[in-house]
Peer 1: 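Before we start, here is the structure in question, set down as structure tokens.
When a ligand or atom number is given, it counts from 1 through the structure's own listing order. Heads up: numbering here begins at 1 and tracks the sequence.
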Amino acid sequence: MNASEFRRRGKEMVDYVADYLEGIEGRPVYPDVEPGYLRPLIPTAAPQEPEAFEDIINDIEKIIMPGVTHWHSPYFFAYFPTASSYPAMLADMLCGAIGCIGFSWAASPACTELETVMMDWLGKMLQLPEAFLAGKAGEGGGVIQGSASEATLVALLAARTKVIRQLQAQSPELTQAAIMEKLVAYSSDQAHSSVERAGLIGGVKLKAIPSDGKFAMRASALQEALEQDKAAGLIPFFFADSFNFNPHKWLLVNFDCSAMWGKKRTDLTGAFKLDPVYLKHSHQDSGLITDYRGSNQLNEALLQRINSAKKIHLVPCHLRDKIVLRFAVCARTVESAHVQFAWEHIKELAGDVLRVEKE
Ligand SMILES: Cc1ncc(COP(=O)(O)O)c(C=O)c1O
């Protein structure tokens, strides 16, 4: 599909989506199909030749829509609301076009910065305590997860890592396994099943605290369980130091957007830190002294020049004890001329690095 067809098909798709949502009330909310209905309706293997776009769109109405449960039908009262809105759909289109992966600040600065600021906005709207906000110098802050289940698991694993590190700092002879055997997490007996699952995945005991007549967990019941467990030599480690809810359920944002806040964001980032070299960047840890020698030093210097010039962008990796500049051909639209340009640029900068080295 080239750009001019994309413009045409995009407008047709917007019309299709608007018609779908305008007419959704007329569709049966729950599909009238049996398990396995789809397989006989489509070829057994992917087509060898591309199909016409019209044929694909026709298949959506003929084959897919009959098996769709229409979560946005006004007759849908099941599970929970899943949010969707026209602005969010347009935003999804833009995200698809930018198509960046924001795993670090340097991987796409606007990604991280927008997430941090929007999570502060949302936190303020919810009147979360100041400690949960990043602000300009705060220790807290929010991060977007895919689902609440993921957020619970992340929180539990972070808390687990924190307590293990604390106890090992006090008593270095303690093994991780010996500590984990004694860890206990606590939740209300009304908590979602994903909390129990987080305990299973995290390999720790999870105690359900009995709720009161109004299904609320009482501090006194938690206190009692804590005292019992401590007396039995167990180590309570996980209550609530974080908060999460799903804008993709409540706030017109399409799946997936699960907003999670913590009072100390280094508890989260520190727990899962591995530090592969391709994720390092100059703004990350200014105190970092990297002891690369010989050709490693030259490669580092070359990489620094390449990324400062900003004509192309590369990241390094380690190959055993060597630091290597990775040249990955990434974009779908890369042509030989782009690679040639990059190569000439790298050669020129490498020449500069060697000249400086000689001097
Ligand atoms: C209270 C509560 N916790 C956790 C979840 C799990 O959420 P998710 O589907 O985002 O993992 C739900 C889902 O409805 C929920 O209502």
Peer 1: Using 4.0 Å as the upper bound for N to carboxylate O, is an ion pair formed by Arg355 and Glu359?
Peer 2: no
Peer 1: Taking the six-membered ring for Trp, are Tyr20 and His70 parallel (under 30°), tilted (30 to 60°) or perpendicular (over 60°)?
Peer 2: tilted
Peer 1: Run the salt bridge (charged side-chain N to carboxylate O under 4.0 Å, His left out) test against Glu54 and tell me which residues pass, sequence neighbours left out.
Peer 2: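 Arg9.
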Peer 1: Asp241: what forms a salt bridge (charged side-chain N to carboxylate O under 4.0 Å, His left out) with it, not counting sequence neighbours?
Peer 2: Lys263
Peer 1: What are the distances between nitrogen or oxygen atoms of ligand 1 and protein nitrogen or oxygen atoms, counting only those under 3.5 Å?
Peer 2:
| from | atom 1 | to | atom 2 | distance (Å) |
| --- | --- | --- | --- | --- |
| ligand 1 | 7 (O) | Lys249 | NZ | 3.3 |
| ligand 1 | 10 (O) | Ala148 | N | 2.7 |
| ligand 1 | 10 (O) | Asn246 | ND2 | 2.8 |
| ligand 1 | 11 (O) | Ala148 | N | 3.4 |
| ligand 1 | 11 (O) | Ser149 | N | 2.8 |
| ligand 1 | 11 (O) | Ser149 | OG | 2.4 |
| ligand 1 | 14 (O) | Lys249 | NZ | 3.0 |

Peer 1: Could you list the cluster mates of Trp121? Members are the ILVMFWY residues connected by side-chain heavy atoms closer than 4.5 Å, either directly or through other members.
Peer 2: Leu114, Val117, Met118
Peer 1: Given the ring of Phe80, does Lys249 sit roughly above its face, with NZ or CZ under 6.0 Å from the centre of the six-membered ring and within 45° of the axis?
Peer 2: yes
